[in-house]
Amino acid sequence: IEPVVGISIQNSDVPQKTLDDMRQCYTNIQATDDLRILKDCFDIISETTNLETYFVRKELAMRKLLTLEQARKAGVPIVDLPLHSKEFLRILESQKVRVLQDSFKKLQFETEALKTVVGKANRINRYYGELLKYEDEFEFEGNEQYTIIINLLKPLLKDASEVFGV
């Protein structure tokens, strides 16, 4: 059994009862639906500029991949994915850096379009908070780009704090 998207389930990872239940209950319709959801996640991830959307959809995709891998392990015939599993995982991960870069470009564009200094300051502070929320996600992949963006934000944050008298 070839692992789906880099997920490999060993015999000891899944209790036999779970495999037996999956063999009896997991249908081709469910597999088709899980594959559709997986494709939807990939499509959304490929186009989003929102960090939260990226991470939520990536988590959903990984859950669906795990389910499909368990079904394969149980002997349920699964239609092959359009991409090789390792390639799919690599593409998902590479999108993280793209989403980070695109979200920063979007911030710059949206901030420039705002008319008030207070509005600009609020938008910059909100984006900075969002970046901090996902700091751990960039510990390995994308760390350099994450650090660059944080450093670009620091003078903007300083300007924003002066607006609020902080």
Side-chain angles (χ1 to χ4, degrees), residues 2-9 30-72 78-166:
E2 176 156 86
V4 177
V5 187
I7 299 174
S8 180
I9 299 182
Q30 287 172 298
T32 300
D33 196 43
D34 285 345
L35 286 166
R36 180 192 55 77
I37 292 168
L38 189 62
K39 182 187 179 314
D40 289 349
C41 287
F42 181 76
D43 291 344
I44 290 168
I45 285 171
S46 297
E47 296 178 9
T48 190
T49 59
N50 184 294
L51 289 168
E52 183 175 3
T53 299
Y54 168 81
F55 288 112
V56 167
R57 285 302 181 145
K58 181 182 172 199
E59 182 181 327
L60 177 59
M62 296 306 290
R63 282 196 321 259
K64 293 302 174 186
L65 290 167
L66 181 60
T67 299
L68 289 164
E69 179 63 20
Q70 286 177 343
R72 278 189 177 181
I78 303 293
V79 177
D80 287 336
L81 294 173
L83 295 173
H84 186 271
S85 58
K86 289 182 182 179
E87 182 181 353
F88 190 84
L89 183 59
R90 183 189 55 74
I91 290 170
L92 278 182
E93 278 300 309
S94 72
Q95 290 296 310
K96 179 169 56 176
V97 174
R98 187 215 37 92
V99 172
L100 177 64
Q101 292 169 334
D102 288 355
S103 70
F104 184 66
K105 288 176 191 170
K106 182 179 175 184
L107 168 78
Q108 291 172 312
F109 178 76
E110 289 176 348
T111 302
E112 195 63 36
L114 294 172
K115 298 192 188 298
T116 68
V117 176
V118 172
K120 291 179 182 190
N122 282 332
R123 181 67 184 104
I124 291 166
N125 279 323
R126 191 170 49 247
Y127 180 75
Y128 183 72
E130 186 178 340
L131 281 181
L132 292 179
K133 185 167 112 178
Y134 295 109
E135 182 177 14
D136 291 344
E137 298 289 342
F138 291 98
E139 186 173 350
F140 300 108
E141 177 81 24
N143 187 348
E144 182 178 334
Q145 190 63 37
Y146 180 86
T147 303
I148 288 169
I149 290 174
I150 290 291
N151 288 334
L152 288 171
L153 282 174
K154 285 182 180 177
L156 299 174
L157 288 167
K158 183 178 180 281
D159 293 345
S161 67
E162 290 173 3
V163 167
F164 294 116
V166 180

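A quick note: this is a predicted structure, and the numbers were derived from the prediction, not measured.
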How many angstroms lie between atom [atom1] of [X] and atom [atom2] of [Y], to the nearest 0.5 angstrom?
X    : Y    : atom1 : atom2 : answer
R36  : D33  : CZ    : CG    : 4.5 Å
L153 : L107 : CG    : CG    : 6.5 Å
K154 : I150 : NZ    : CD1   : 7.5 Å
T49  : F109 : OG1   : CZ    : 11.5 Å
L35  : Q30  : CG    : CD    : 12.0 Å
I37  : T32  : CD1   : OG1   : 11.0 Å

Worksheet item: Side chains of T147 and N143: donor-acceptor distance under 3.5 Å anywhere?
Response: yes
Worksheet entry | Sequence-distant partners of E110, salt bridge (Lys or Arg N to Asp or Glu O under 4.0 Å), two or more places apart | K106, R123
Item to complete: Given side chain to side chain contact (heavy atoms under 4.5 Å, CB included), test Y146 with V97 step by step and report yes or no.
Response: CA-CA 8 Å; Y146 180 86; V97 174; over 6 Å; no
Worksheet entry | Aromatic Y54 / basic K96 pairing, under 6.0 angstrom, 45° off normal | no
Worksheet entry | CA sep, side-chain torsions, deciding dist, call: L38, L68, side chain to side chain contact (heavy atoms under 4.5 Å, CB included) | CA-CA 10 Å; L38 189 62; L68 289 164; 4.2 Å; yes
Worksheet item: Where does the angle between the aromatic ring planes of F104 and Y127 fall among parallel (under 30°), tilted (30 to 60°) and perpendicular (over 60°)?
Response: tilted
Response to the item:
Given the options D102, V56, L131, L51 meets side chain to side chain contact (heavy atoms under 4.5 Å, CB included) only with L131
Practice prompt. Starting from the C-alpha separation in whole Å, work towards a yes-or-no answer on side chain to side chain contact (heavy atoms under 4.5 Å, CB included) for E52 and Y134.
Written response: CA-CA 8 Å; E52 183 175 3; Y134 295 109; 3.3 Å; yes
Worksheet entry | Qualifying side-chain hydrogen bond (donor to acceptor under 3.5 Å, both in side chains) pairs, either residue in residues 57-68, two or more places apart | D34-K64, K58-E93, E59-R63
Item to complete: May I have the step-by-step check of side-chain hydrogen bond (donor to acceptor under 3.5 Å, both in side chains) for Q95 and R98, ending in yes or no?
Response: CA-CA 5 Å; Q95 290 296 310; R98 187 215 37 92; 2.6 Å; yes
Let me have the donor-acceptor pairs involving side chains of residues 41-48, under 3.5 Å, with sequence neighbours excluded, atom names and distances please.
from: D43; atom 1: OD2; to: K39; atom 2: NZ; distance (Å): 2.7
from: S46; atom 1: OG; to: F42; atom 2: O; distance (Å): 2.8
from: T48; atom 1: OG1; to: N50; atom 2: N; distance (Å): 3.0

